[in-house]
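Below is one structure. I have some questions about it.
Both counts, for ligands and for their atoms, begin at 1 and track the order of listing.
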Amino acid sequence: MKKKKISLVTGGGGMLGLQHASALLEIGYVVVLVDINDRSLKKNSFKLKKKYPNKIFFYRTDVSKETEVKTLASKIKKRFNKINVLINNAAIDYVPNRNLKQKNKFLNSFENFSLERWNKELSVGLSGVFLMSKYFGKLMKKNEANVIINISSDLSVIAPNQKLYNHLKSFKPVTYSVIKFGVIGLTKYLASYWAKKNIRVNALSPGGVFNFQDKTFVKKLRNEIPMGRMAKVDEYKGSIKFLCSNDSSYMTGHNLVVDGGRTIL
Ligand SMILES: NC(=O)c1ccc[n+]([C@@H]2O[C@H](COP(=O)([O-])OP(=O)(O)OC[C@H]3O[C@@H](n4cnc5c(N)ncnc54)[C@H](O)[C@@H]3O)[C@@H](O)[C@H]2O)c1
């Protein structure tokens, strides 16, 4: 009998978490969804359960809290005794939206950025990746093929163009750049650290997904992308399948940038 392959997606209640999970299910993985938001976690799980009734599990966990991550790891160990794929996808993001304009004149400005917010966002997007990798790397068996994918962003390659946000009187927050560049550093560190332990560690850097954001923002962003459009929500599934399969067996420490060409300009 073929061994079961177990995967885990953080931020599994979110928009891309659902897509990553669906990609993994399509290539035969059991999927564990993890999120801090109970409602969206259940919603995504129920959507996927319709087609894959016995292959979805979900756990509410805050990836920035070491005690919660440790407890989750012991539950997964008890239930499956291993993990093959970890997708570190959870992050706090700012969505450009017109209704922010009236509320706050200088949203996300660096000069007024609080240390509290800096710590909070880094604790999810960066420390969360550290904690999850620490506890789930231990559950990866040396005699099986294992994969960690850290979800970064086209903003792991370039700086945000703040002109995209000026009509909304806001900025892309500094934390996003620091987190997404940091995730690449962690990816390379772990790829080298665990190379002999049969764990490949790569980053996937998506460009922006169209999700009915502010119209002017979308128009400005399109002009920055050689392909002239934002991504469709399911356009990263192929990359997830590739990075989790043997087709990428000689690939580790890489940052796979999928961005309609935005970062080549
Ligand atoms: N959507 C895009 O256009 C885009 C582009 C490039 C990169 N990304 C990256 O892709 C990833 C997913 O983005 P998305 O658009 O699906 O975002 P999303 O907001 O829909 O999903 C993120 C999920 O993370 C969860 N989360 C937040 N804090 C958490 C915590 N402490 N513990 C556990 N879960 C927590 C949220 O509840 C949410 O469900 C993020 O890392 C994001 O930076 C997104």
Using the test side-chain contact (heavy atoms from CB on, under 4.5 Å), find all partners of Val178 that sit at least two apart in sequence or belong to another chain.
Trp118, Leu122, Val174
Distance-only side-chain donor-acceptor flag, Thr175 / Arg117, under 3.5 Å
no
Result of checking Val258, Asp154, Ile151 against Pro206 for side-chain contact (heavy atoms from CB on, under 4.5 Å)
Ile151
I'd like the contact residues of ligand 1, where contact means a heavy atom below 4.0 Å.
Gly11, Gly13, Gly14, Met15, Leu16, Asp35, Ile36, Asn37, Thr61, Asp62, Val63, Asn89, Ala90, Ala91, Val124, Ile151, Ser152, Ser153, Tyr176, Lys180, Pro206, Gly207, Gly208, Val209
Indicate whether any N or O donor in one side chain lies under 3.5 Å from an N or O acceptor in the other, for Glu224 and Asn161.
yes
Side chains of Lys180 and Asn150, donor plus acceptor under 3.5 Å:
no
How about Phe80 and Phe57: are their ring centroids closer than 6.0 Å?
yes
